[in-house]
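Keep in mind that the numbers below use all heavy atoms, side chains included, and drop hydrogens, waters and symmetry copies. First the proteins, then the strands, lettered A, B, ... as listed; each starts at 1.
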Protein chains: 2
Amino acid sequence: MSDKRLQLITTAFKLFYLKGVHAVGINEILAESGIAKKTLYHHFSGKEDLVSAVLAFRDQRFHDWLESRFNESNNGADKVYALFDALDDWFNDRVADLLPFHGCFFINVSAEFGDPENPLHRQCSRHKESIRSLIAKQVDMLDIDSSDQENMTDALCLLKEGAITLAYVQGDRDAAVKAKATAVMLLRRECA
Amino acid sequence: MSDKRLQLITTAFKLFYLKGVHAVGINEILAESGIAKKTLYHHFSGKEDLVSAVLAFRDQRFHDWLESRFNESNNGADKVYALFDALDDWFNDRVADLLPFHGCFFINVSAEFGDPENPLHRQCSRHKESIRSLIAKQVDMLDIDSSDQENMTDALCLLKEGAITLAYVQGDRDAAVKAKATAVMLLRRECA
DNA sequence: TACATAGTAGACAGACTGGTCTACTCGTGT
DNA sequence: ACACGAGTAGACCAGTCTGTCTACTATGTA
């Protein structure tokens, strides 16, 4: 990947994440990155193409980060708790790679491109699906009925999304702790 | 409230909810409603003022709807299930008052006005707080330890927000059913 | 040497933005 | 009889938006 291309993506992400896609113009990204307009249109066919590249970039970053957090954790229920501990670090700005917490970029972009058929909206949906798969892998390793595994994954995803929303809209930095407490109750029930 | 003023608010809401605030210009709202620009600026000091009025309008509509759903339901655990049954109706477009489901308007607006200090963002936060209070009232009536009531309210709010996000970003129309299943497990635990 | 590639700087086009303004109409209350 | 508030229609302003274009530079490779 070209140096300039990457620089455009990271700068665009920073601004989009902070202010929203529609609120940030091409020119602002160019001014901030110090890159010429022609170069941008050399690498991307238009703004939408750039947004798509930014989504792909963030998708990878986020996925890699969460996967590494799972890999670092002990087997068993700790794999599940690792999810909420990771979220807690994210919400409280202890993860440099993800930039200061400003909600979930994919939820935010979905809100701006509301039509479910919109390619950008669909890209956000695929990201959520890929994170769900990652969580499902951890649940598969738990000692619970395989018929309950699907339900457990659903519950964890619901708690995760709920925590992100509470943390962002209401500014509740303890949202991950609360979600973890609920997950603990669910797991105790399953393993009892 | 003036006739024209209300008409502007409902038209603006319809467009904002469908396409996002930034994606809809003043002129589009005027064309759609057939109202003159001067009239808009007679009733509102600017676009932001209109957005604020639209938020207040939706806040009331949503609150009243949910409250009536709670009032219609039986006492006890049914009060809690009523929340998820209501969400299920909303997600599947069985609530004419709320317009076809397009996510939570307040989450969407928060995403567009990301700065937590922004007055519109704060207004969204207050809406979530008011809905939480409504839910807390139902939880207070449950037969569980008062020390656990706070936690139960937190859990229900997490599941609610998670369901809305899943339903919107991923288009999962069964999100409310999944959230309800999780809530059932939590309640059984508490009342066991 | 010759040429393609990736880059800079920035003028420019055309459409659209929120918002102001003038000139006018109509109905109501005093 | 008349003033006033609410409304219409739409021209207009200054600024911003995405995207195109010209003219030029540096670099690496055949």
May I have the distance from [X] (atom [atom1]) to [N] (atom [atom2]), rounded to whole angstrom?
| X | N | atom1 | atom2 | answer |
| --- | --- | --- | --- | --- |
| B:D49 | C:dG18 | CG | C1' | 14 Å |
| B:Y41 | D:dA6 | OH | P | 18 Å |
| B:L40 | C:dT17 | CG | C1' | 14 Å |
| B:F44 | C:dG18 | CZ | P | 15 Å |
| B:K47 | C:dT20 | NZ | P | 15 Å |

Checklist line | Residues in contact with DNA chain D, drawn from residues 10-29 of chain B - heavy-atom cutoff 4.0 Å | finding: none
Check: Should we say atom CD of B:Q60 is surrounded by more than 12 heavy atoms from elsewhere, each under 6.0 Å from it?
Finding: no
Notebook entry, point to check: For the residue pair A:Q7 and A:S33, what are the closest heavy atoms and their distance?
Noted result: NE2-O, 3.3 Å
Is the gap between the ring centers of [X] and [Y] under 6.0 Å?
| X | Y | value |
| --- | --- | --- |
| B:F62 | B:W90 | yes |
| B:H22 | B:F16 | no |
| A:H127 | A:F106 | yes |

Would you tabulate the nitrogen or oxygen pairs shorter than 3.5 Å linking the protein to nucleotides 6-14 of chain C?
residue	atom	partner	partner atom	Å
C:dA6	OP2	A:H42	NE2	3.4
C:dG7	OP1	A:S2	OG	3.2
C:dG7	OP2	A:H43	NE2	2.5
C:dT8	OP1	A:K4	NZ	3.4
C:dT8	OP2	A:A36	N	3.2
C:dT8	OP2	A:T39	OG1	2.4

Check: Is it true that A:R61 and A:E67 have a side-chain N and a carboxylate O under 4.0 angstrom from each other?
Finding: no
Next item on the list: Only one of A:D78, A:D174, A:D85 passes salt bridge (charged side-chain N to carboxylate O under 4.0 Å, His left out) with A:K180; say which it is.
Entry: A:D85
Check: Checking A:R58 against A:F13: charged group under 6.0 Å from the ring centre and within 45 degrees of the axis?
Finding: no
